[in-house]
Structure formats: structure tokens, C-alpha cells
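A short worksheet on the structure shown next.
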Amino acid sequence: MTSRFRLDGKVAVVTGAGRGIGRATAIALAEAGADVAAISRTAADVEGVAGEIRALGRRAWALPCDVTSAAATEAALRELPALDVLVNSAGTNVPEPFVDVSAENLAHVMDVNVVATFTTSQIAVRRMTEAGAGSIVNLSSQMGHVGAPRRTVYCLTKHAIEGLTKALALELAGLGIRVNSVAPTFIDTPMTRPFFKDAAFKSEVVARIPLGRIGHVDDVTGAVVYLASPASALVTGTSLLVDGGWTAQ
């Protein structure tokens with residue numbers, strides 16, 4: 001059975017691979033046998049993760065690219081010999097009261113979290129269609145299933161990702177392409193760490209998670225590898241919640 005979780009001979013693309021969940025996911029896919037293309041805006045970050053992947057004996061492509069530019073993303077992915085797995089991990093968040101959300105922040109979070117996921121998936125699907133198979137995993141959030149104060153834009157984008165995941169799963173099933181999402185709770189990453197400096201906020205978050213702790217990136221990567229691999233061959237259009245029980249309440 002363990003062989004069904006392997007990705008040997010597959011080429012995986014991970015956006016937002018420079019740090020946090022994206023970086024850990026790129027390495028986990030390589031550990032499962034995939035060759036990995038790491039995409040992030042910062043060249044030093046993707047070169048670093050590519051070096052770690054090569055140290056595992058896998059091929060790696062460091063692709064510095066801003067995924068909010070579809071043209072730049074398409075040009076970067078032309079370098080790849082194949083494209084079997086896409087993990088849309090690039091994301092951002094600007095927590096603030098609803099009435100204070102600026103047009104600039106709304107547009108920025110929408111562009112990174114939704115538009116880039118949409119356009120990158122379009123580019124990948126064209127390649128996957130040629131191969132007759134593929135797996136797309138969208139990094140969503142528990143906030144794609146519930147609401148939260150000061151996170152109206154983030155919740156908006158993650159609910160959009162959940163809808164996109166289901167719609168794509170139905171449209172692409174006949175092409176042999178599966179589409180799923182992973183929806184984590186609060187995970188300790190460079191993006192969330194500044195929020196946890198507020199002791200009251202951290203305490204409130206932990207109190208809402210029945211398993212009693214903030215997540216680690218390794219809690220998420222196993223779910224991504226599963227959905228990318230043949231072990232989930234009959235799974236599409238679903239959201240795998242890695243939330244410690246947050247949304248079960």
C-alpha cells in the first residue's frame with residue numbers, strides 16, 4: 001500500500017514554495033519521489049528549496065516568478081518537461097476590520113489567493129490535458145468553511161477556492177484530472193508567526209482547536225502528498241480539513 005503514496009517519475013509544481021507550507025510541501029513531494037519545480041517571487045528562497053530537493057536526489061527547478069502575472073507564470077512553466085501535479089500554495093492575508101479594508105488590500109489578497117490560483121491552474125490543465133492525467137491541490141483554509149472577524153477578505157478568497165475546487169473537479173474529471181483542496185487551521189509559518197506574538201490572540205486560537213495546539217507544516221504536507229498521489233485516485237472535489245477539529249464544533 002505504501003507504494004501508492006509514491007510520486008516517482010512525476011513532475012510537481014508548487015507555488016509559494018519559498019517559505020512556510022509551500023516550502024515544506026515542495027520538500028515532502030520530493031521525499032515521495034517527485035521532481036519539483038519551486039515557484040516564489042524571491043530567487044534566493046526558491047534556489048534554497050531547490051538545493052534541498054536536489055540533495056534528496058530529485059530534479060528541481062528554481063523558478064522565481066510572481067504568480068499574479070499569468071504571462072510570467074506560463075513562461076516559467078514552459079521550462080518543465082512535464083506537469084503532473086500542481087499545488088497552489090501561494091497566499092497572503094491582511095487581517096483588518098471590514099469597514100477599514102482598502103481597495104488596494106482587497107485587490108491584492110484577491111489577486112494572490114484567487115486570481116493566481118485560477119490562472120496557474122489554467123496553465124497547468126493545458127499541460128495535464130495533453131498527458132491525460134493530473135492532480136491539482138489547492139491550499140485553502142478552515143476559513144474557507146467558516147467565518148471570522150477581521151478576516152472578511154481572507155474568508156472571501158478561501159470560500160472562493162473551495163467553490164473553484166468543486167467546479168474544476170466536475171469539469172476536469174473526464175480528462176483524468178483530479179482537483180482537491182487542503183484546508184488547514186492556524187499553522188506556525190513565517191506569515192502567521194507575527195500574529196502569535198499577541199499572547200491573547202494565540203491563547204484564543206488554541207482554545208478553539210479541540211486537539212489543543214497550533215498546527216505545524218508537517219501536519220499539512222501529508223495531506224497534500226496523499227491528494228497528489230495514486231493513493232487518492234478516487235478522490236476529487238473534496239476539501240481535506242487539517243484543522244484539529246475547529247470546524248467540527
Side-chain angles (χ1 to χ4, degrees), residues 14-29 38-42 44-46 48-49 52 66-68 87-98 100-102 104-114 116-117 137-162 181-225 239-249:
V14 182
T15 70
R19 300 189 302 165
I21 292 172
R23 184 185 186 91
T25 294
I27 293 168
L29 292 169
I39 295 181
S40 179
R41 288 179 300 175
T42 306
D45 287 346
V46 287
V49 72
E52 292 187 54
D66 184 345
V67 290
T68 62
V87 180
N88 284 305
S89 183
T92 191
N93 186 18
V94 184
E96 55 190 339
F98 170 67
D100 295 332
V101 173
S102 66
E104 292 77 16
N105 283 345
L106 174 61
H108 174 63
V109 179
M110 287 290 292
D111 281 348
V112 175
N113 291 6
V114 180
T117 294
V137 183
N138 295 321
L139 260 295
S140 178
S141 167
Q142 66 187 16
M143 296 305 172
H145 296 263
V146 296
R150 293 177 54 84
R151 281 167 175 76
T152 52
V153 180
Y154 190 73
C155 289
L156 166 66
T157 64
K158 294 305 182 178
H159 276 74
I161 290 302
E162 294 295 350
S181 68
V182 173
T185 187
F186 287 88
I187 305 295
D188 180 22
T189 68
M191 186 175 82
T192 61
R193 218 160 282 150
F195 305 145
F196 295 136
K197 289 180 180 178
D198 181 337
F201 174 75
K202 183 176 181 179
S203 177
E204 179 186 345
V205 167
V206 172
R208 291 287 305 274
I209 301 174
L211 288 181
R213 66 173 175 86
I214 292 164
H216 306 298
V217 290
D218 289 347
D219 295 316
V220 181
T221 57
V224 176
V225 171
S239 181
L240 181 47
L241 283 149
V242 185
D243 69 347
W246 183 297
T247 61
Q249 302 173 89

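Since we're looking at a predicted model, the values are computed, not measured.
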Rounded at 0.5 Å granularity, tell me how far CG in D188 sits from NZ in K202. 7.5 Å

Determine, for E96 against R151, whether the closest basic-nitrogen to carboxylate-oxygen distance falls under 4.0 angstrom. no

From F98 atom CZ to L156 atom CG, the distance as rounded to the nearest 0.5 Å: 10.0 Å

Qualifying residues under side-chain hydrogen bond (donor to acceptor under 3.5 Å, both in side chains), relative to T152, sequence neighbours excluded: none

Quick one: closest heavy-atom pair of P194 and P190, and the distance? CD-O, 3.3 Å

Any idea which heavy atoms bring H145 and E162 closest together, and the distance? NE2-OE2, 3.2 Å

From OG1 (T192) to CD1 (I214), nearest 0.5 Å: 7.5 Å

Do Y154 and N113 come close enough that some side-chain heavy atom pair is under 4.5 Å? yes

Is the backbone of H216 close enough, under 3.5 Å, to the side chain of D219 for a donor and an acceptor to pair up by distance? yes

Considering residues at least two apart in sequence or located in another chain, which fulfil the side-chain hydrogen bond (donor to acceptor under 3.5 Å, both in side chains) criterion with D218? none

Please report the closest heavy-atom contact between V49 and A17, naming both atoms and the distance. CG1-O, 3.9 Å

With distance as the sole test, does H108 use its side chain to make a donor-acceptor pair with the main-chain N or O of V94 at under 3.5 Å? no

Student check: side-chain heavy atoms of N93 and P95 closer than 4.5 Å: yes

Counting only heavy atoms from other residues, nucleotides and ligands, does the tally under 6.0 Å from CZ of R41 exceed 12? no

Criterion side-chain contact (heavy atoms from CB on, under 4.5 Å) on L29 and V225, from CA distance to verdict: CA-CA 6 Å; L29 292 169; V225 171; 4.0 Å; yes

Just verifying a value: how many Å separate R193 CZ and I187 CD1, rounded to the nearest 0.5 Å? 11.5 Å

Using a 3.5 Å distance criterion without hydrogens, assess whether the side chain of S102 forms a donor-acceptor pair with backbone atoms of N105. yes

Quick one: does E52's side chain get under 4.5 Å of R23's, heavy atoms only? yes

Between T189 (side chain) and M191 (backbone), is there a donor-acceptor pair under 3.5 Å? yes

Any T157 side-chain heavy atom under 4.5 Å of M110 side chain: yes

Do I209 and D243 touch side chain to side chain, with heavy atoms closer than 4.5 Å? no

Output the distance between atom CH2 (W246) and atom CZ (F186), rounded to the nearest 0.5 Å. 5.0 Å

Please tell me if the side chains of L139 and V87 come closer than 4.5 Å, counting only heavy atoms from C-beta onward. yes

At their closest point, which heavy atom of A26 faces which heavy atom of V14, and how far apart are they? CA-CG2, 4.0 Å

Is there a side-chain hydrogen bond (donor to acceptor under 3.5 Å, both in side chains) between N138 and S140 once you walk through the steps? CA-CA 6 Å; N138 295 321; S140 178; over 6 Å; no

Between S141 and A183 (side chain of the first, backbone of the second, donor and acceptor by atom type, cut-off under 3.5 Å), is there such a pair? no

Can you sort out the partners of S40 under side-chain hydrogen bond (donor to acceptor under 3.5 Å, both in side chains), two or more places apart, ordered by chain and number? none

Quick one, T117 and I161 - any side-chain contact, counting heavy atoms below 4.5 Å? yes

Taking atom types as modelled and ignoring hydrogens, do the side chains of T221 and T25 form a donor-acceptor contact shorter than 3.5 angstrom? no

Taking it one step at a time, do S89 and T15 satisfy side-chain hydrogen bond (donor to acceptor under 3.5 Å, both in side chains)? CA-CA 5 Å; S89 183; T15 70; 5.7 Å; no

Please examine the side chains of V182 and V220, heavy atoms only from C-beta on, and report whether any two atoms are closer than 4.5 Å. yes

Measuring from R150:CZ to D100:CG, what's the distance to the nearest 0.5 Å? 8.5 Å

Would you please say whether a donor-acceptor pair under 3.5 Å links the side chains of T247 and Q142? no

